[in-house]
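Here is the naming used below: chain letters follow the sequence lines, and residue numbers restart at 1 for every chain.
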Protein chains: 2
Amino acid sequence: MEAARNEARFNNAKYDAAWAIRFRPEPEAARTRPGAHHVRYAARHLVIDEGDAARAVYEVLDGGVILFKLLPDGRRQIIELLGVGDVFGLAVGPVADVAAEALTPVRLAVFEPAAVDADPALRDRLFARLRAQMCALHDHALLLGRKSAQERVATYLMRLVPGRGGLACIGAAPGNAEVRIELRMSRQEIADYLGLTIETVSRTFSALRRANLISYRKQDEVVVPNLCRLCRLTGAH
Amino acid sequence: MEAARNEARFNNAKYDAAWAIRFRPEPEAARTRPGAHHVRYAARHLVIDEGDAARAVYEVLDGGVILFKLLPDGRRQIIELLGVGDVFGLAVGPVADVAAEALTPVRLAVFEPAAVDADPALRDRLFARLRAQMCALHDHALLLGRKSAQERVATYLMRLVPGRGGLACIGAAPGNAEVRIELRMSRQEIADYLGLTIETVSRTFSALRRANLISYRKQDEVVVPNLCRLCRLTGAH
DNA sequence: AGAGCTATTTGATGCGGGTCAATCCGAAAT
DNA sequence: ATTTCGGATTGACCCGCATCAAATAGCTCT
């Protein structure tokens, strides 16, 4: 079933190629972390597999990363969506508790455990970031546990509004401005992130489009004509 | 063969760290935190309300605490179950992102923001704990996003097995031993934690009892005659 | 023991979203 | 253009869990 689908996806080289083309790298932000290794991976590269020995802590310098967990029968849940500045690889104990995969071409800073132990300033930075990611996880638990499919998709879109932290309808900037959103994820990934099936995600997008709450030509470039109206569907306000 | 696999799982420390020994009413552990203010609250006391100014970081010294979020229409999701050693109050901005309520009578250590800023050792301790809680959240996201009602309840029970970190069916101690579990939560709280309704939780408990996987007289004292059989329903193995 | 709660259990019913199965569509190759 | 192939969409149907409603079990207070 879904397991088979995932399996097929993982082993398909053409898919990787298509993906790499589709998600062009962001204009090199040229960030660096003194004293850390830097590495680059192509989109879809599996950086950490669940159960791997925990050999390093990573910080995202460019691009996007997803953390996910699998059940033995193939069900997948994408746990976190990471962007620039986010960190991962911080399991407790010697084993990774989640898998990490590049969503786009990425550049990562790699910190060895010894370096983390030796550098209090680094720990503080990781700590601060972890607090932020923890809040995002809290929000996501609310979404997964209590929101309807439409609320999940609306919340997801609001989170991706560029330059805002998921509360785009609030604050100074006009909530009735038109906004363009790049999803950067396939329907399957959105589904696995939102705890839905690909069909439900697709249907929900279609319903939102029919209601003129969103529009799109390419299926990963969504235009939201009025953020306030979309925000009202998130269940949060 | 089977034994070897079990052994491997047993050594997977993430679960131990994340869930071990949470949640026992420990006869007054008499822990203290030098330099911190200590407070006591009765069960049900609201320690932090969502939206409060973030005035302190807390560590649980005794008892249990729940973190939860509400939607405007009243839907509630319990985000984390905290036990001895866990920390909360670590929002990013100046405002609490979740509410915190005493599940049992609790004793808490209170750290002022200034104290946290001034004490690197404290930050390190908070950091370490946050990593553990983060792993627990990852697990819970998987549960909320992808598990069936029966799997959720079975997972919940396995997590509460005293002295083991959620993998009680494995390891040296006999998985076929009889184990007594104190839930210490109402059906409503269990439902809000597992992303279900109270009726579904109740029905699932009844079904498990009918199948002789659990038994109970008081509805918050569950006896599991055979952990292995219950563990098989969690979806995780 | 009995009254009056509230929490839990059980039953009946409906719906949201999952499952299965066809298309449809767009990018790449020919 | 035409073919091809994988992803997305749409449709038909079904099932697990929510919802609504009623019965029962535990509590506390007389």
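For the pair A:Ile66 and A:Glu189, the tightest heavy-atom approach, listed with the atom from each and the gap, is CD1-OE2, 4.5 Å. Of all the heavy atoms in A:Leu208 and A:Leu233, the pair that sits closest is CD2-CD1, 3.8 Å.
Using a 4.5 Å cut-off on side-chain heavy atoms (C-beta onward), A:Leu183 and A:Ile190 make contact. Put simply, the side chain of A:Phe68 reaches to within 4.5 Å of the side chain of A:Leu70, judged on heavy atoms.
Rounded to whole Å, atom P of D:dG16 lies 13 Å from atom CZ of A:Arg75. Distance, A:Met185 CE to D:dG7 P: 15 Å, rounded to whole Å. Taking atom CZ on B:Arg187 and atom C1' on C:dT6, their separation rounds to 14 Å, with Å as the unit. To the nearest angstrom, P of C:dG18 lies 18 Å from NZ of B:Lys147. The CG-C1' distance, from B:Leu196 to D:dG16, rounds to 11 Å in whole Å. Rounded to whole Å, the distance from CD on B:Gln188 to C1' on C:dT9 is 14 Å. In this structure, B:Glu189 atom CD and C:dA7 atom P are separated by 10 Å, rounded to whole Å. Here C:dT8 presents its C1' atom at 16 Å from CD of B:Glu221, a figure rounded to the nearest Å.
Heavy-atom distances under 4.0 Å link DNA chain D to B:Thr200, B:Arg203 of residues 200-207 of chain B, given in residue order.
With sequence neighbours left out, B:Thr200 forms a side chain to side chain donor-acceptor pair (under 3.5 Å) with B:Thr197. Partners of A:Glu151 according to the side chain to side chain donor-acceptor pair (under 3.5 Å) rule, which considers only residues two or more places apart in sequence or in another chain, are A:Ser148, B:Arg75. A search for side chain to side chain donor-acceptor pair (under 3.5 Å) contacts involving A:Thr204 returns nothing, not counting sequence neighbours.
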Q: Give the C-alpha distance, both sets of side-chain angles, the deciding distance and a yes or no for side chain to side chain contact (heavy atoms under 4.5 Å, CB included) between B:Val98 and B:Phe88.
A: CA-CA 9 Å; B:Val98 288; B:Phe88 62 99; over 6 Å; no
Q: For each nucleotide in nucleotides 21-27 of chain C, reading 5' to 3', give B when a protein heavy atom comes within less than 4.0 Å of its base, S when such contact involves only the sugar-phosphate, and - otherwise.
A: -------
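A donor-acceptor pair shorter than 3.5 Å cannot be found between the side chains of B:Glu80 and B:His140.
Counting only heavy atoms from C-beta on, B:Thr197 has its side chain closest to D:dA18 among D:dA8, D:dA18, C:dT9.
Put simply, A:Tyr216 has a side-chain N or O that comes within less than 4.0 Å of OP1 or OP2 on D:dT9.
When the C1' atoms of four end pairs are superposed on the next four at each end of the helix from C:dA1-D:dT30 to C:dT30-D:dA1, using five pairs per end, the two resulting axes differ in direction by 40°, to 10°.
Of the candidates A:Leu81, A:Asp139, A:Thr234, A:Ile181, A:Arg159 forms a side chain to side chain contact (heavy atoms under 4.5 Å, CB included) with just one, namely A:Asp139. Only one option out of A:Asp192, A:Leu194, A:Leu144 pairs with A:Gln77 in a side chain to side chain contact (heavy atoms under 4.5 Å, CB included); it is A:Leu144.
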